[in-house]
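Inspection log for the structure reproduced underneath, given as structure tokens.
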Amino acid sequence: MAKAYDIVIIGAGSVGVPAALSLARAGLSVLVLDELASPGQLSNKKAIGGIRATHSDFGKIKVCQRSIEIFATWKEKEGDEIGWLSNGYSYPAYSPEMEKKLKDLMLVQHRFGLNIRWVAPAEYNKLVPGINMKELRGSTYSPEDGSASPLLAVNAFYFKSLAAGAEYRFGEKVTALRLSGDKVAAVVTDKNEYACAAVINAAGNSARAIARMAGLDVPVEPDNHEGAITEPVQRFFGPMVVDIRPEPGSANYYFYQNHEGQVVFCITPDPPILGVRPESTSVFFPLVAKRMVQLYPRLASLRVRRSWRGQYPMTPDGFPIVGRDATIENYIHAVGMCGQGFMLGPGLGELLTRIVKNEETADDRHILESFLPTREFRGVEALK
Ligand SMILES: Cc1cc2nc3c(=O)[nH]c(=O)nc-3n(C[C@H](O)[C@H](O)[C@H](O)COP(=O)(O)OP(=O)(O)OC[C@H]3O[C@@H](n4cnc5c(N)ncnc54)[C@H](O)[C@@H]3O)c2cc1C
């Protein structure tokens, strides 16, 4: 058997890599295992890079506020370009019902300290010049939200984690967990076996398969989403635009202009398309382009460079599953990130470190209530 580690992380993705960085910097010996060839090769690189603390509950808001601090100061503190842009998020409303829903939610968001306000149509037209004003009632605007490149960010976190002493084994598939009593004694791959004091399941789409290796179950199911990116053009609008009006075929869609001037966008299919189906479809463009151009006619002349399909590792209620398992004490869940794993990753990495070190704060315990592995998954997050 190879050397023993304080912590083995299964999955070098949006969650596993920043967690490895934080844990290694806290002085723990860390091994990250991934069956693919390099960091961030599964869902991480499918994300379009949106980063918001604009959620509907304390847990996600707090974790993402910390993530935003990390993303926003990364270049200044760590020296790497990760494409951070403090462009904000906006949710425009085109009906009195939507306006009320968003304003009611803002009351909750203000209670949890979120910087978000309502902007009237004329002001929104300055943030997103040329937006369709017909029946526009205004929009939320949260200026501290932003965006970054998932490709640049995961590699920045990866190299800094290597410098902090984390080890990685790529091209190794985890095939079993060796239990001893009520603990995980070792993680078994198709090439080796690694003894560990604790294990973190950060396996994204494969969360359920990994949990089953320990005799556990987590309701995480991959849910397919497509994204696309245009050619770069001069900046012409500010915030991420999230249109949450459901229409036949899609629940919502969202787009923004990234740090290089490219417009990146994706849509939430309705009904959901479950399973892992990596192929792009001919349905996506007609559906999303029609909606985007109706909302924002200036997008019509942009040329799309490429599209892709990936998965959200979804839970039934839209909240992640994070925390120590109730029965296997040294098994830590960090799965079910839904459509927000990239934005949750850095904040969660630090939270996971405090969990591993048994140093949770009162705020952490409050956060973890929303993410409890043993909850009944009955509620639904308003902005999932
Ligand atoms: C089109 C699209 C747009 C999105 N946009 C955003 C966005 O704007 N903002 C945002 O925050 N999120 C976004 N997401 C969601 C985001 O991509 C995911 O929530 C996030 O990447 C999940 O992170 P993860 O670490 O759980 O999984 P991953 O990043 O997939 O990492 C899991 C890793 O585990 C490895 N693994 C699995 N099983 C095994 C095994 N048996 N052995 C070894 N390794 C294994 C995999 O190879 C993988 O590398 C988007 C997703 C899609 C598809």
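Remember, it's a predicted structure, so these values are computed and weren't measured experimentally. The residues of the chain are indexed from 1 along the displayed sequence. Atoms within each ligand, like the ligands themselves, are counted from 1 in listed order.
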Exercise. Which ligand 1 atoms, with their elements, are less than 4.0 angstrom from a heavy-atom of Ile210?
Worked result: 41 (N)

Problem set entry | Distance (rounded to the nearest 0.5 Å) between Asn258 CG and Met240 CE | 10.0 Å

Problem set entry | Distance filter under 4.0 Å to Phe342 heavy atoms, resulting ligand 1 atoms | 10 (C), 11 (O), 12 (N)

Exercise. Going by the order shown, which atoms of ligand 1 are within less than 4.0 Å of some heavy atom of Gly49?
Worked result: 7 (C), 8 (O)

Problem set entry | Short side-chain donor-acceptor distance under 3.5 Å, Glu247 and Ser250 | no

Exercise. Between Arg169 and Glu167, is the closest basic N to carboxylate O distance under 4.0 Å?
Worked result: yes

Seminar exercise, completed: Here the atoms of ligand 1 under 4.0 Å from any heavy atom belonging to Gln311 are 53 (C)

Exercise. Against heavy atoms of Ser206, which atoms of ligand 1 measure under 4.0 Å?
Worked result: 37 (C), 38 (N)

Problem set entry | Options Gly50, Pro150, Gly310, ranked by nearest heavy atom to atom 9 (N) of ligand 1, top entry | Gly50

For this session: Indicate yes or no: does an N/O atom of Glu226 lie under 3.5 Å from an N/O atom of ligand 1?
Result: no

Exercise. Does Tyr331 have its ring centroid less than 6.0 Å away from the ring centroid of His333?
Worked result: yes

For this session: Flag this pair as yes if the NZ/CZ of Arg309 is under 6.0 angstrom from the six-membered ring centre of Phe284 and inside a 45 degree cone about the axis; otherwise no.
Result: no

For this session: Considering heavy atoms of the protein only, find what lies nearest to atom 41 (N) of ligand 1 and give residue, atom and distance to 0.1 Å.
Result: Val174 O, 3.2 Å

Exercise. Between Gly339 and ligand 1, is there a nitrogen or oxygen pair with a distance under 3.5 Å?
Worked result: yes

Seminar exercise, completed: Short version for Thr175: what comes under 4.0 Å of ligand 1, heavy atoms counted, is neither

Seminar exercise, completed: Per-atom filter on ligand 1: closer than 4.0 angstrom to a heavy atom of Leu36 are 47 (O)

Problem set entry | Gln294 and Lys290 side chains, donor-acceptor separation under 3.5 Å | no

Problem set entry | Atoms in ligand 1 flagged as close to Asn44, the criterion being non-hydrogen separation under 4.0 Å | 21 (O), 29 (O)

Exercise. Just going by heavy-atom distances, which of Val15, Asp34, Leu42, Ile267 is nearest to atom 49 (O) of ligand 1?
Worked result: Asp34

Problem set entry | Asp325 and Thr327: side chain donor to acceptor below 3.5 Å | yes

